[in-house]
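Reading through the structure tokens given below for one structure.
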Amino acid sequence: MGKRANPMAVKAVLTYDIKEAAAALGKTPATIRSWIKDGLPVMSSRKPYLISGEAIRFYLRAKYKAAKRPLRPSDFFCPGCGGARQPVGMTATVWPMKNRTVLLKGVCTKCGGTCTRMISKSRLGEFAHRFQLSNKADSEP
Ligand SMILES: [Zn+2]
């Protein structure tokens, strides 16, 4: 995930087009467009899209608040559709990472993309009760 945009970087009383919003927030226009797809409300249905600063603030605060919500033990996080999801068939591959952490990778039940969960190695046993885990080496030569 990239650096978080500061909601206060836009003025609530102003409206922004995509380029202006991107510049104010230090993001690319592509990022702003992905936010619009994701639900950031625009004021006009045709291009150029105008977005109120207030809507941007509201959207960003809600987005970051949602990201902070802790995952339930049975959830992975899917960056593709942006939320807590369960992996298909409750199966996941175990990818050893640096230090004492491992990355669990599964297939998102909602969008079919890759959803992940980072856990410490010491919790592998606990997760093995809940999920069908296989080692990266076994499934992906
Ligand atoms: Zn997904």
Side-chain angles (χ1 to χ4, degrees), residues 1-12 14-141:
M1 200 197 294
K3 195 166 162 270
R4 288 182 173 194
N6 177 8
M8 300 307 281
V10 291
K11 292 194 166 37
L14 295 184
T15 57
Y16 296 82
D17 66 23
I18 288 176
K19 268 190 188 165
E20 291 165 344
L25 295 161
K27 294 286 173 185
T28 62
T31 299
I32 308 296
R33 280 191 289 271
S34 77
W35 290 351
I36 292 172
K37 257 195 203 159
D38 181 50
L40 170 63
V42 292
M43 300 169 72
S44 46
S45 54
R46 290 163 178 233
K47 292 175 187 176
Y49 294 133
L50 290 178
I51 315 153
S52 81
E54 195 175 15
I56 293 173
R57 285 189 179 179
F58 187 84
Y59 171 80
L60 287 177
R61 289 198 179 117
K63 181 186 179 72
Y64 295 149
K65 204 171 166 189
K68 246 187 251 168
R69 208 182 309 142
L71 295 173
R72 288 177 305 163
S74 57
D75 284 337
F76 281 28
F77 180 78
C78 176
C81 53
R85 309 279 178 243
Q86 295 197 331
V88 171
M90 297 298 269
T91 59
T93 346
V94 179
W95 296 64
M97 306 294 280
K98 277 186 280 182
N99 304 325
R100 291 192 193 113
T101 53
V102 294
L103 183 68
L104 305 180
K105 278 192 186 180
V107 177
C108 174
T109 40
K110 194 177 176 196
C111 74
T114 302
C115 58
T116 58
R117 174 106 191 218
M118 188 91 80
I119 60 167
S120 81
K121 243 177 217 163
S122 59
R123 295 185 71 191
L124 260 180
E126 176 195 333
F127 275 74
H129 284 298
R130 222 171 273 130
F131 300 97
Q132 284 285 104
L133 299 180
S134 58
N135 288 319
K136 174 195 161 199
D138 302 339
S139 57
E140 305 193 20

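Side-chain atoms are counted along with the backbone in the values below, which use heavy atoms only and exclude waters and symmetry mates. As the structure lists them, so they are numbered: ligands from 1, and atoms in each ligand from 1. What you see is a predicted model, and the numbers here were worked out from it, not measured in a lab.
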With 2.8 Å as the limit, count the protein N, O or S atoms near the Zn ion (ligand 1).
4

Straight-line distance of W95 CH2 to L103 CG, nearest 0.5 Å:
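Taking CH2 in W95 and CG in L103, the distance rounds to 8.5 Å.
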
Salt bridge or not between E54 and R57? Use side-chain N to carboxylate O under 4.0 Å.
no

What do you reckon, are the aromatic ring centroids of Y16 and Y49 less than 6.0 Å apart?
no

Nearest heavy-atom approach of V10 to G53 is CG2-O, 3.7 Å

Do T93 side-chain atoms and N135 backbone N/O form a donor-acceptor pair below 3.5 Å?
no

Can you see whether F127 has R117 sitting over its ring - NZ or CZ less than 6.0 Å from the centre and within 45° of the normal?
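Ring-cation test returns no.
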
